[in-house]
Amino acid sequence: MPKNSKVVKRELDDEVIESVKDLLSNEDSSDDAFKKSELMVDDQEDKDVDVEEGSDVEDERPAWNSKLQYILAQVGFSVGLGNVWRFPYLCQKNGGGAYLVPYLILLLIIGIPLFFLELSVGQRIRRGSIGVWNYISPKLGGIGFASCVVCFFVALYYNVIIGWSLFYFSQSFQHPLPWDQCPLVKNASHTFIEPECEKSSATTYYWYREALNISSSLSEGGGLNWKMTICLLAAWVMVCLAMIKGIQSSGKIMYFSSLFPYVVLMCFLIRGLLLNGSVDGIRHMFTPKLEIMLEPKVWREAATQVFFALGLGFGGVIAFSSYNKRDNNCHFDAVLVSFINFFTSVLATLVVFAVLGFKANIINEKCITENSEKILKLLKIGNLSQDIIPHHINFSSITAEDYNLVYDIIQKVKEEEFPALGLKSCQIEDELDKAVQGTGLAFIAFTEAMTHFPASPFWSVMFFLMLVNLGLGSMFGTIEGIITPIVDTFKVRKEILTVICCLVAFFVGLIFVQRSGNYFVTMFDDYSATLPLLIVVILENVAVTRIYGIDKFMEDLKDMLGFSPSPYYYYMWKYISPLVLLCLLVASIVQMGLSPPGYNAWIEDTATDEFQSYPTWGMIVCISLMVLAILPVPIVFIVRRCNLIDDNAGSLASVSYKRGRIIKEPVNLEGDDTSLIHGKSPSEVPSPNFGKNIYRKQTGSPTLNTAPNGRYGIGYLMADMPDMPESDV
């Protein structure tokens, strides 16, 4: 070191102190609190440690205990019930294995880029969804509030599904399973099978009558179902206890809730492959129907599935990433989580169709047995001649191939009379073509298949415990998308807010556990999230690429990651992704307009589903859900645009500097992402970049008037601030 280096350093430090003295002398004389603040200068080079790595001025924001915990949290949030009961249905419906092609293409076009974008802004600004978008542009601050509203709507009914799973889980500890056989009804004279069950099936009857005790229409409330009310309460208690300490408590649970479903899926896959007919199910599943790929509906449904599978727009992704260190490689995280999500969907599809293939094989054997008996009766009464039956056919142990041969012969010989014979073709493909999704797959089709498993109670316990864990993982991210932004913005205690949020959600959620509750779940699932989330993500894309600036954002990424992201993301974010999202939004609106708004009601007398249109008040509720979810966006924009909030109001408790730049957020964060209330523009808010050795120590909580140009302290910065975010609005 040069001999006079200490002298030079002391002179530089004196200049810094003089600059700050000038700053203090130019402040309003009435601002006593500001003058009492103390400037501290650290002279020792060996203490030049990044604030983010543990100095006293680091904010108290929680952090993940490990990278694995964070990845499991993101995987748990993105991998949910839809991977198990929605993706297999779409795959079967839209061309089998061919459906994977548009899905992968759209995953690369909108899935990974938008997931990467949300991870990046959360990690860069280190705030929840409200603070992030308000930071970028106060006029778009409503995006974060819209995300919170959608999260609340989704949490209301999503936890009801967890409650259903808990009910089935609790009923699985008995042999035989309670949905194995139809119940018997006794009267004074004789015993008979429950008519509703006889007309449908044991598992269907148990779901609609024993579990839900469902009414015949949306208008027939029917009072609370107390069994499901208790299960819903248990589900909310689990969520509350897991979330009450934030990521410190939920992060530890992620090790089990995120990994256990994979253990169960692998066990089911191995067990399923050993069952008769499982290969038929998998072969049917992945037989590509290439002609279906050309249909626009396939691409629309693939885009929608990609969008919701990754949890885009909910705010949970942003909330989780905001607890990361600023130099975390979020690009790697985005690619890793996206492909884990995809391969989980494929694994779940293999499991589902291995089991459904086994179920179809059992039903097909039953069909062959029943129709073989019909043929024997027709032979006895002389309606069919014995001469047309091949000599090697043995009806007492007939195979599927032999039955199909006999069926074809009879159909050719008795062309005109054949329909009157009442024979069925008994093709296993016909049974596999019956597309089932959602609750129908989990609580009816899959449940029925498990009754034929050896040790069926064990597999039932494992399956419904898996559903509970899948649901909880997604619920943690959804609730985090509500709690984190509100805590960051309004500075309330997380424990109190979590308890209040769960209590309110439970009491509002009672509408889902009345006898007509299943119809309300369908309503909320169809209308509360789809369009609002699409609009939210489009606005997120616009906020980053147009308002903040795509070039500045790419520079921020280079600063965070240590390398420049691929130009691929530049063009995806700026041109391709917004265009695809707009097309998806238009297609969704058109689809919603063409599809009559309604629901499938369970009719007890016929034991069948019947489509019913929503009543007038039901339509009002559907429209209100969509309007309420997106309403914060125009409200905040109008309030900001018309200056209905005082733009000069705000407070700044502590300012930190590094080489002339503001480098640390204030300890009292009221002037940060409460800018929705206090009227601060993002250029007034200190940069979330963290610095090292010179900072202002808080001794009070002074309130400063902003400079005439709307930017606090711009005249006193001692160097350029290339990484200072500012709004172009």
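Note that this is a predicted model, so its numbers are computed, not measured.
Under the 4.5 Å side-chain criterion, counting only non-hydrogen atoms from C-beta, W133 is not in contact with S147. A 4.5 Å side-chain heavy-atom check between Q612 and S217 finds at least one atom pair inside the cut-off. In this structure the side chain of I161 never reaches within 4.5 angstrom of the side chain of L467, judged on heavy atoms. Contact annotation: the side chain of T478 never approaches that of Y158 to less than 4.5 Å [non-hydrogen atoms, C-beta and beyond]. You'll find the side chain of L557 stays beyond 4.5 Å of the side chain of Y569, heavy atoms only. Annotation: side chain of E540 is in contact with side chain of I143 (closest heavy-atom distance under 4.5 Å).
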For this session: Evaluate side-chain contact (heavy atoms from CB on, under 4.5 Å) for I483 paired with C501, printing each intermediate quantity in order.
Result: CA-CA 8 Å; I483 301 297; C501 180; 4.1 Å; yes
Problem set entry | CA sep, side-chain torsions, deciding dist, call: E295, R300, salt bridge (charged side-chain N to carboxylate O under 4.0 Å, His left out) | CA-CA 9 Å; E295 298 180 11; R300 177 181 63 81; over 6 Å; no
Exercise. Going through the checks in order, is the side-chain contact (heavy atoms from CB on, under 4.5 Å) test met by W573 and V544?
Worked result: CA-CA 9 Å; W573 287 329; V544 171; 5.9 Å; no
Problem set entry | Steps toward side-chain contact (heavy atoms from CB on, under 4.5 Å) verdict (F443, L212) | CA-CA 11 Å; F443 298 108; L212 300 181; over 6 Å; no
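Rounded to the nearest 0.5 angstrom, C231 SG and N225 CG are separated by 8.5 Å. In this structure, the separation between CG on L106 and CD on E301 is 12.0 Å, given to the nearest 0.5 Å. Taken to the nearest 0.5 Å, the OG atom of S345 stands 12.0 Å off from the CD1 atom of I340.
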Contacts under 3.5 angstrom, residues 614-633 side chains, donor-acceptor by atom type, not counting sequence neighbours:
unit_1: S624; atom_1: OG; unit_2: I620; atom_2: O; d: 2.6

In a table with atom names and distances, give each donor-acceptor pair under 3.5 Å that connects a side chain of residues 511-523 to protein atoms at least two apart or in another chain.
unit_1: Q514; atom_1: NE2; unit_2: I511; atom_2: O; d: 3.1
unit_1: R515; atom_1: NE; unit_2: N213; atom_2: O; d: 2.7
unit_1: R515; atom_1: NH2; unit_2: I214; atom_2: O; d: 3.3
unit_1: Y519; atom_1: OH; unit_2: S215; atom_2: O; d: 2.6
unit_1: Y519; atom_1: OH; unit_2: W602; atom_2: N; d: 3.1
unit_1: T522; atom_1: OG1; unit_2: N518; atom_2: O; d: 3.2

Tabulate below the donor-acceptor pairs under 3.5 Å that side-chain atoms of residues 232-244 make, not counting sequence neighbours, or state none.
none

Under 3.5 Å, side-chain donor or acceptor atoms of residues 109-121 against the rest of the protein: list the pairs with distances, not counting sequence neighbours.
unit_1: E118; atom_1: OE2; unit_2: G313; atom_2: N; d: 2.9
unit_1: S120; atom_1: OG; unit_2: F116; atom_2: O; d: 2.7

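Scanning for side chain to side chain donor-acceptor pair (under 3.5 Å) contacts around Q123 gives N328, with sequence neighbours left out. With sequence neighbours excluded, no residue satisfies ring pair (Phe, Tyr, Trp, His ring centres under 6.0 Å) with Y570.
Remark: the backbone N or O of L72 is paired with a side-chain donor or acceptor of S258 at under 3.5 angstrom. Side-chain atoms of S321 come within 3.5 Å of backbone N or O of I318 as a donor-acceptor pair. Of the possible polar contacts, none joining the N159 side chain to the L156 backbone as a donor-acceptor pair under 3.5 Å is found. With hydrogens and angles disregarded, a donor-acceptor distance shorter than 3.5 Å links the side chain of N341 to the backbone of S78. A side-chain donor-acceptor contact under 3.5 Å links S322 to the backbone of A319. For the pair N600 (side chain) and D609 (backbone), a donor-acceptor distance under 3.5 Å is absent.
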